[in-house]
Amino acid sequence: MDPLSHSLHTYLVTLGYEGATHEQEHQMEHLLALLDPADEQALVSYYGLFDEPRLALADIARSRHEAPEQTMAAIDRSLRRLAVTPEWQMIKK
């Protein structure tokens, strides 16, 4: 994982475990809206965002009708896609 994607990954892990303020949730909603709905839901489920339960990769893959490796690749692509946006750069500051 490249450094930009890793910084977003770390942020999402923290939000998933510690919860988010209203402002952080609002920012994440806007950021995740840049993805197609299936990829957005995969990230929400994988990281347990917005008080949704964190799901195992196999469960997410099953809901997407694909292999876990494909789902992980889609999550990695989504992280990279979001990590290079100006929106993430503003949130990160």
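Taking CD of Gln70 as the reference point, atom CD1 of Ile60 lies at 14.0 Å (rounded to 0.5 Å). Here the CG atom belonging to Leu82 is positioned 13.0 Å from the OH atom belonging to Tyr11, to the nearest 0.5 angstrom. The line from CZ of Arg81 to OG of Ser5 is 11.0 Å long, rounded to the nearest 0.5 Å. Here the CG atom belonging to Leu49 is positioned 9.5 Å from the CD atom belonging to Gln41, to the nearest 0.5 angstrom. Note that the CD1 atom of Ile91 and the OG1 atom of Thr85 stand 7.0 Å from one another [nearest 0.5 Å]. The structure places CG of Leu12 at 10.5 Å from CD1 of Ile75, a figure rounded to the nearest 0.5 Å.
Residues meeting the salt bridge (charged side-chain N to carboxylate O under 4.0 Å, His left out) test with Asp59, sequence neighbours left out: Arg62. When the salt bridge (charged side-chain N to carboxylate O under 4.0 Å, His left out) test is applied to Arg80, the partners found at least two apart in sequence or on another chain are Asp2. For Ala58, the side chain to side chain contact (heavy atoms under 4.5 Å, CB included) criterion is met by no residue, not counting sequence neighbours. Applying the side chain to side chain donor-acceptor pair (under 3.5 Å) rule to Gln89 yields the partners Lys92; only residues at least two apart in sequence or on another chain are considered.
The heavy-atom pair separating Ser7 from Trp88 by the smallest distance is OG-NE1, 3.5 Å. Closest heavy-atom contact between Arg64 and Ala42: NH1-CB, 3.6 Å. The two residues His6 and Met1 come nearest to each other via the heavy atoms CA-SD, 3.5 Å.
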Check: residues 29-37 side-chain donor-acceptor pairs under 3.5 Å, at least two apart:
| unit_1 | atom_1 | unit_2 | atom_2 | d |
| --- | --- | --- | --- | --- |
| His30 | NE2 | His26 | NE2 | 3.1 |
| Asp36 | OD1 | Ala38 | N | 3.0 |
| Asp36 | OD1 | Asp39 | N | 3.0 |

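Screening residues 50-77 for ring pair (Phe, Tyr, Trp, His ring centres under 6.0 Å), with sequence neighbours left out, gives no hits.
Hydrophobic clustering, with ILVMFWY side chains joined whenever heavy atoms are under 4.5 angstrom apart, groups Leu55 together with Tyr17. Put simply, Leu43 and Val13 are part of the same group of oily side chains (I, L, V, M, F, W, Y) that touch within less than 4.5 Å, one to the next.
A donor-acceptor pair under 3.5 Å is formed between the side chain of Arg54 and the backbone N or O of Tyr47.
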